[in-house]
Amino acid sequence: MFEFHVEGLALSQKQVLSALSIRVQPGETHCLLGPSGSGKTTLLNLMAGLAQENVEALGNGAKDKNYWSPNPPEIGYLFQQPRLLPWRTIMQNLLLVEPDKEVVLNLLEEVKLQDYVDYYPAKISLGMARRVALVRCLLLKPELVLMDEPLTSLDLPTAREMRVLIKRLVCDHPTRSMLYVTHDLDEALELGDSVSVLGNVPAQVIYNSRIDEVSRNELEALLKH
Amino acid sequence: MFEFHVEGLALSQKQVLSALSIRVQPGETHCLLGPSGSGKTTLLNLMAGLAQENVEALGNGAKDKNYWSPNPPEIGYLFQQPRLLPWRTIMQNLLLVEPDKEVVLNLLEEVKLQDYVDYYPAKISLGMARRVALVRCLLLKPELVLMDEPLTSLDLPTAREMRVLIKRLVCDHPTRSMLYVTHDLDEALELGDSVSVLGNVPAQVIYNSRIDEVSRNELEALLKH
Amino acid sequence: QTPLPNVRVTVIASGTVNWELQHMKHMHLDQENGFNLVINPVASLSAARIAITSGNADFIVSDWLWGSERNMKGANLGFLPFSRQIGSIIAAKGSTFSNFSDLKGKRVGIAGGPLNKGWVLLRAAAKKEGIDLEKEVQIQFAAPPLLNQAMRSGRLDLLATFWHYGARLEAEGYSKLYSLDDVMKGLGLGSEIPMLGYLYDQSLDPALVRGFYNATKQTKAQLAVDNDAWDRLRPLMKAENDDIYHGLIAGYRAGIPSDLSQEQIDDAVNFYKIIDDLKPYPSGTQLNPALFYREP
Amino acid sequence: MKTGRLSDQFVAFFCLLGGWWLVASFVASPLLPAPLEVFEALSKEFHEQRLIESLLVTLQRVVISFVFAMLLGGIIGVLMGRFRLVNRILDPLLIILLNIPALVIIILLYIWFGLVEVAAVAAVIINKLPNVAVTLREGGRMFDHELEEMSVMYGFSFQQKLWHLWWPQLFPYIMIATRSGLALIWKIVLVVELLGRSDGVGFQLHLAFQSFDVATILAYSLAFISVVQLIEWFILQPLDRRASRWQKGGSNV
Amino acid sequence: MKTGRLSDQFVAFFCLLGGWWLVASFVASPLLPAPLEVFEALSKEFHEQRLIESLLVTLQRVVISFVFAMLLGGIIGVLMGRFRLVNRILDPLLIILLNIPALVIIILLYIWFGLVEVAAVAAVIINKLPNVAVTLREGGRMFDHELEEMSVMYGFSFQQKLWHLWWPQLFPYIMIATRSGLALIWKIVLVVELLGRSDGVGFQLHLAFQSFDVATILAYSLAFISVVQLIEWFILQPLDRRASRWQKGGSNV
Ligand SMILES: Nc1ncnc2c1ncn2[C@@H]1O[C@H](COP(=O)(O)OP(=O)(O)OP(=O)(O)O)[C@@H](O)[C@H]1O
Ligand SMILES: Nc1ncnc2c1ncn2[C@@H]1O[C@H](COP(=O)(O)OP(=O)(O)OP(=O)(O)O)[C@@H](O)[C@H]1O
Ligand SMILES: [Mg+2]
Ligand SMILES: [Mg+2]
C-alpha cells in the first residue's frame, strides 16, 4: 500500500493544504474529486516530489520531506496541461520517453493521432495535444500513475475511448496503481476503485470511500458541500 | 442575422475547413459541437478575423476575406486557453479591458475569485484562470460572443454556476448573440437556441437544427458518426 | 663558430626607426658589430612600449621622459640617442603669429597628449612671458593623423605634432611657426639634447649595447650622405610625392645626434624640471642621469 | 532577505579584494599594484580635481549615447524582429554596422565633422546601436503569438500593448542590452576620448597608459566600475526583481 | 522562397553600394573614397599577399577566442541564471570584468605573460566572456519551469535535457551572443593586434590609419565584414530558420 501523509503546506505564505492522508492500494485506482482551486494539483505535485519554491511544508515530517510510507513509489505524472516540448514534433516528444518507435506509433494509433507524428505541438488542437500527453504518460511504466484531469477538452466519444484505453493499460494492470483527478463523476465511478473528495482550500479529505459504497448523487451532494 | 460563410481553409497546406456556413440569429445562442481536432477553434479564429500565417483561404471570397454577410459583427472571443498576461495580476489583467474597478470586482465575486485579485496567473489553478478569462470576456459588450469550451476544468457545481452566469449575461441578453463551442451536450442543450455539429477534419456542418427539435441521444449519435 | 646573439628591436612599422634598421640589416652592419638584428614591426608606439616592458624586445625607440618615468617606477632602462627631432609647430595657412599673446583664443592641436615636447616647450616659453597657454587657447588633443586632417580642413590654427607628420604638412606648403631649437635656447637649454633614443634594459650585455650603438652610428653616417640608400627605403616611407620624400630625408638627417655630452645630460635634467613645474601639481622629483648611456 | 542579498555581495567583493591583495603582495611589481596603491592613486586623482570632473564628462557622454542608442536600436531591432521584410532589407546594413571597426567610424566622423562633441557622441551611438538592434530583434521574434491575438481581440490600445504586452516580453532582452550596453558604450567612449577629446576618463587613462601607470589606470577603471555597480544595485537589480515577481519561482504573491 | 530571400538582400546590398558611390562622388575627397578606390585598395592588398594572410591570422584568433568565450561564458551565465547563490557571488566579478576597459586587460596580460599569442587570445576571451555570461544569464532565468518539471518527471537524461530542453530555450540568447560576439571579438582582436602583434588585420589597419589611407582601412573592414556576411548567410540564418519552424508563424508543418 502507498500511503501519503502531509501535515500541511503553504505556497507563498498561503496555506493550500491542510493535514491529509491518501491511501492507494497496489493495483487499484483512487479517484480524487474536489472543487476548482482546492489544491488537487498542488497535492499531486507534492506527491511527485516536484520541488516548488516558496513552499513551506507545515508540521512534522516537513523537514525530511518524506511524505510517503513506507517508501516513495516510482511515479508517472500526467500534468493538467499537456507540457509538450513546443520545438519538437509529436513523435520526437514521445521518442524522448520511449525510444522504440513501434510502441509509440501503436499508442498514437490508439488515440487516433497516427497522422500527426510530424506536427509541432503549436499546430495541433488542444484536445489532440492532451491525447499526446496521455500517450506520453502511458509510455511510462511506473508503480503509481498520477493523472490530473486527463480527459478535459475532448468530445464525448473520444473521451470514452480514452477512458477505455486508460482502463485497459492502467486500471486493469495488476501491479499498477493510479491516482486520478477528475471533475467528471461518471469517469470517477467507472475508473475508480475508491474515491476521496477534497474540501475547499486549504484542501483536506472530507470524504473517502470504496467506489461501490457510494452513489453518484451522494458525490454530487458532497461536492456542493 | 449574422451569416458566416467560407469556401474552405488550409493551414500549412493541410485543409482544415471545408465549405461551410454558420448562421446566428441576433440575441440567440448557437452551439457548435464536433470531435476534437475537427476545426472548431480554427473556425472561431477565422470568424474573429485573427490573421494567421500560412493560411490559404480556398474558393471565392477568399481574396477580400469578407466571410460575413452583411457585415462582420463586433466580436468578443473567449479563447480555449485562458491567455492571461502572466506578468500582470488578475486585477491588472481585467482592468486592461474594463477600467472600472467596481464592475470588475463584482464580476470576480460572481466567479468566486474576489480573494485572488492580487495573484499572478502562475499562482492560481487552471480552473481559476479559466474563470478569470471568462470574466474578462464577459466584461466586453460585443454584438457576437465566441466562446471556445469555457467551462472545462471546472468542477460540476462551479461549472453549473458559471453556466447560469453566462446565461444571465449573454444568452438572456436581448441583443447579444453567442457562438458557443462545447463538448458537453447538457451545456449545449441548456444554453443553446440552435445547434450545429461539425464532422471530422476538414470540418463541415453535418447537422444543424433548432435546439428544441433535437434530443440528447440524437446528438450523441451524430457525434459518433 | 658560434652563431651571433640575437638583438630584438621592436619598431613601428611605418616609423623612421624602421628605415634606419632596415638599412643596417641590408648593409650587414649588425653582423659586423657582433650581433644579429631581429626587427619586430608593430603598429603603434604603445605596442613597442609593452614589448620592452614585458621583456619581448631588447631595444625600442621612445623618449627619455618615458624611460625615466619607467625607471622611477622600478624599471632599469638605459638610453642611446636616436634623434634630436623634437617635433614641429605648424601654423595654419595665412595665419600670422608674432608673439604668444597672438595665440589667445586660437585653436591649437596637440598630438599625443599634454606631454608633447613641442607643446611643453611652447608653454614654458610663454610662461616666461607671463602667459598661461593652457588657459588661453582652445586645446585639442588627438591622434596625429586626425590632427593633420583637421589642419588641412581649416579646423586648427596651430598644430604641435611629431616631426614626420609635420614634414608632410610642410611639404604641402604649411610653414613651421617656431623653431623649437630657438625656443629651447631661450629656455637655457642650448645643447640640443636628443629627445628620442633607443631604450634598453640595463641588464643587457654591455658588449651588445656597445655593438648596437656602434652599428646605429655607422648606419646614420651612411644615411647622412648616401642618397641611393634612401631610394631603397622609399617604399617603407609611404611618401606620396617627391616633396614629402625629400622632406622626410632632410628631417631624418637634421635629427642625427652626437654622442651624449655631460652638458646635454644636464640640460635634460633641467628640461625635466621645466616639464614638472608646468604640471598643475609638480611632483618635485628629479631626473636620474643614470638613464643616459655614456661611452665607457 | 534584502540585507542578506547585499551582504552576500559585499562578502564576494571583499574576497575579491583580498585575493587581489594577496596576489599583488606576492608578485610585488608596480605593474600589478596592490589595492592600497590603487586607492592612493584614486585619492591623488581626486585631490587634484581630475577624478570627479573626468568622470562627470565621461558619464555625460555615456548617458547621452546610451539613451539614443537604446531608443533607436530598440525600435529598429523590434521592427526587424516583427516584420520579415524590414529584417531582410536592414540585415546587411546591420551586419556592416556591427562589424565595422569602432576606429573606422570614429575616424570618419571626426574627419567629416571635425573634432567636436557631436562627432564623438555620434560615433559611440553608431557603434552601439547595431548591438541593441541585434539583441532586441531576437526579443521581437520571440513575441507570444497567442497573447498578441488576445490583445487584438480585447481591443488593447497601442499604449496598453506597449506597456503591458511588449515591454514585459522585451524586458530580458532590454536588460541584456542595458548591461552589456553600458559596458560597451563606456569602452567606446574611452576610445573616442583617446582619439580626439581633451577631457574625460579616456583621456586620463591614455595619459596614465603612456607612463604605464597601472595604479592610476586601475583607479579610473574602478571609479567607473563603482558607478556601474551602483546603477546595478539601485536600478537594475530592483528592476530585475520587480520583473520576475510573476514567475513561478518569484518571491511575492 | 529561398532565392527570393537572398535576392532581397542583394538588392539591399546594391542600394547601399549605390548610395555610398553617390555620396562619395559628390564629396570627392580621398577621405571618403568611392567604392572603386576601396576595391582597388583591396586588390592591391590582395596582390601584395597581405590581405589573405592577415585575414587568416585574424580569423584564427577570432575563432579560437569565440569558441572559448562562448563555452565558458555560456556555462557561467546559465549557472548564474539558474542558481541565485552563484549569481550573487559572481555578480560583482561580472560587473568588474564587464566594465574594465579592454585596454587594461590587454596591457596587463601582455606585461605579465609577454607578447605571446596566448596572452593575446586570453585577453580577447576575458573581454568577451562577461558579455556572453550576461546574455545567457537572462536566458537561464527565463527557463520554463513547467517543462523543467516535466523533464524531471519523465526521466530525461542530462543529454536529453541539454539538447531538447535547454538548448532550444537558450537559442535566441545564443544567437544574440553569437552575432554581437563575433563583432565584439573581432573589434577586440583589432586592438590586441594593434598593441602587441606583428600581423593580422588590426596591424594592417593601424598602419593604414597612420598614413591616413582611408581606402585601405575600408578595404580591410569590408574584407572582414564579407566573411561575417557569409557566416550569416550560410550558418546563422539557416540556423535561425530551423529554430523557428515550430513557432506559430513557422513555415513548415
Ligand atoms: N505558487 C503559488 N503561490 C501561491 N498560491 C498558490 C500557488 N500555486 C497555487 N496556489 C493556490 O493554491 C490553491 C490550489 O491550487 P491548485 O492548482 O492545486 O488547485 P486545483 O485543485 O488543481 O484546481 P483546478 O481544479 O482548478 O486545477 C489555489 O487557491 C491557488 O491560488
Ligand atoms: N497552424 C496549423 N498548421 C497546420 N495545421 C493546423 C494548424 N492549426 C491547426 N491545425 C490543424 O487543424 C485541425 C483543427 O484544429 P482546431 O484547433 O481547430 O481543432 P478543434 O476543433 O478546436 O479541436 P479541439 O476540440 O481539440 O480544441 C487539426 O487537425 C490541426 O492539426
Ligand atoms: Mg489543478
Ligand atoms: Mg479547439
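In what follows, every heavy atom counts, from backbone to side chain, and hydrogens, waters and symmetry copies are set aside. So you know, we letter chains A, B, ... as the sequences are listed, proteins then strands, and number each from 1.
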Plane angle bin for D:Tyr154 and B:Phe79 - parallel if under 30°, tilted between 30 and 60°, otherwise perpendicular: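 Taking D:Tyr154 first and then B:Phe79, their aromatic rings sit tilted (interplane angle of 30° to 60°).
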Which residue out of [options] racks up the most heavy-atom pairs below 4.5 Å with chain B?
options: D:Ser157, D:Ala243, D:Pro168; value: D:Pro168
options: D:Asp144, D:Val152, D:Leu147; value: D:Leu147
options: D:Gln169, D:Gln160, D:His164, D:Met150; value: D:His164

D:Arg179 with D:Asp240: basic N within carboxylate O range, under 4.0 Å: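 Yes, this pair counts.
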salt_bridge(B:Arg83, D:Glu149) N-O dist < 4.0 Å: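 So B:Arg83 pairs with D:Glu149 through a salt bridge.
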Engaged part of D:Trp163 at the chain B interface, taking heavy atoms whose separation is under 4.5 Å: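 Contact with chain B is through both the backbone and side chain of D:Trp163.
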Contact origin within B:Leu140 toward chain D - heavy atom pairs under 4.5 Å: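 Side chain only.
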Proximity breakdown for B:Leu139 and chain D, heavy-atom pairs closer than 4.5 Å: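 Neither part.
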Interatomic spacing from CD in D:Gln60 to CG in D:Leu55 - rounded to 0.5 Å: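 Result: 12.0 Å between the selected atoms.
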Cut-off 3.5 Å, no hydrogens considered: what does the side-chain donor-acceptor table look like for residues 218-230 of chain D, sequence neighbours left out?
from, atom 1, to, atom 2, distance (Å)
D:Tyr220, OH, D:Glu45, OE1, 2.7
D:Ser221, OG, D:Ile217, O, 2.8
D:Ser226, OG, D:Leu222, O, 2.7

